[in-house]
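Taking it in order: structure first as structure tokens, then the write-up.
Counting starts at 1 for both ligands and their atoms, in listed order.
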Amino acid sequence: MNRFSKAILVLCMVVGTVITAHTQGSQLAATPPMGWNSWNHFDAKIDDATIRAQADAMVSSGMRDAGYVYINIDDGWGGKRAASGKTRANEKFPDMKALADYIHSKGLKLGIYSSPGPAGTPACSEFESSFGHEEEDARVFAEWGVDFLKYDLCGLQDDMAKAATPEDAQKVMADAYRMMQLAIKKTGRPMVFSLCQYGIASIWKWGVSVGGNMWRTTGDVEDKYTRMAELGFGQAGLARYAGPGHWNDPDMLEVGNGGMTTEEYRTQMSLWSLLAAPLIAGNDLTKMSPDTYALLTNREVIAIDQDPAGIQGDRLRTEGPFEIWVKPLADGSKAVGLFNRQDDFIKSGEIDLNLAELGLGEAVQVRDLWKGKDLGLAHGTLKSEVPAHGVVLLRVYPVKASR
Ligand code: GLA
């Protein structure tokens, strides 16, 4: 290769890198979306004042600065359509545009909820759904200033039941989601498209093809350990379907809602971060305890979730009630979760991690993320005491990697 061709090649590589960086930077949901959603705490009992108060608390508490930016209004906002077919909020939300402006003025983004059921069928609660009105609804959402749409499956079940084969049922769903995605695109306003589809027909395999930026892989989370653990640990094997712009979603956080212990909530936060799951808080932000705040805003834990490589972690192995999960990170280090699923609350357990198994070399540097403490150089077997239903979350660096 002569010097001229070499120069051209180098130029092409530089331009290529710049273009790639630009595309990645501007990509919607380049890292798992972070925010808050009304459903887990408030159910459909929401109104304009509730949402404004949550937005205020998102900022004053420091949650926004930790990365939580979406304020997502779930089921409960919809009203009767106008005679023209135009969607309208109910009386609890007198001016959705003004609410959106308020949320935006705080440096936050607005999310909203709908579902694809046939015209006239109510969505999950008693509210109308978007089927047959996709373009109108997407246009109204865009006019309001919506940045995120959670699109449920409610109302579509009858059509799916009528389908002759599972493939036909999948097509019913895929068509409904694709239609809404096209409608959003047509508005020209970027909106994160969140498919609330419960993981039916392995949506992780086709969620991207219908424009999903994230898709539920499970039914609804509950504020209790058994359900949260069933959903979170059930994600093993799904890692390859997630990546920048498209994430597996094992449902929202329950941290701070009162049904679990601090150790159990620490498990949810750690596992969700290892899973590169969207971090959508579901507690009342206006009444957060210091413990809840600390769990939701630990920067080193959030950095695992938001790692730019966007690689979802997976289970390395189980040993009786213990599980070890690993997530490769962009700088060559790995996040490691040591989980104790033992039900007996009195019993903590010692989990042995064979460090060589991480593939980072014989000797490694270890940091405990929840303690915020370097454990120093280690090799061989690392022994950790893990509380029942709890976790030790580590970041392990190859010795030569710069930190
Ligand atoms: C479904 C979803 C929940 C919530 C409710 C609202 O159950 O999975 O997250 O949106 O609908 O009715």
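Under the 6.0 Å distance and 45° angle rule, Arg341 does not count as a cation-pi partner of Phe322.
With ligand atoms numbered from 1 in the order given, ligand 1 contributes 1 (C), 2 (C), 10 (O), 11 (O) to contacts under 4.0 Å with heavy atoms of Asp152. Listed by number with element, the atoms of ligand 1 under 4.0 angstrom from any heavy atom of Tyr198 are 1 (C), 8 (O). In summary, the atoms of ligand 1 found under 4.0 Å from a heavy atom of Asp75, numbered by their order in the structure, are 6 (C), 12 (O). Annotation for ligand 1: atoms under 4.0 Å from non-hydrogen atoms of Asp74 are 4 (C), 6 (C), 10 (O). Within ligand 1, counting atoms from 1 as listed, the ones closer than 4.0 Å to a heavy atom of Cys196 are 2 (C), 8 (O). Remark: ligand 1 atoms within the under-4.0 Å shell around heavy atoms of Lys150 are 3 (C), 4 (C), 9 (O), 10 (O).
Ser273 and Ser270 form no side-chain donor-acceptor contact under 3.5 Å, judged by distance and modelled atom types alone.
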Quiz item: Could you go step by step and tell me if Trp144 and Trp77 meet the ring pair (Phe, Tyr, Trp, His ring centres under 6.0 Å) rule?
Solution: CA-CA 13 Å; Trp144 286 343; Trp77 65 266; 5.6 Å; yes
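Considering both main-chain and side-chain atoms, Trp39 never comes within under 3.5 Å of ligand 1 through any nitrogen or oxygen pair. In terms of polar-atom proximity, Arg216 is counted as a contact of ligand 1, with an N or O under 3.5 Å from an N or O of the ligand.
For Phe233 and Phe339, the ring centers are positioned less than 6.0 Å apart.
Comment: Asp220 engages Arg216 in a salt bridge, judged by a side-chain N to carboxylate O separation of less than 4.0 angstrom. Salt-bridge annotation for Glu300 and Arg367: present, with a side-chain N of the basic residue lying under 4.0 Å from a carboxylate O of the acidic one.
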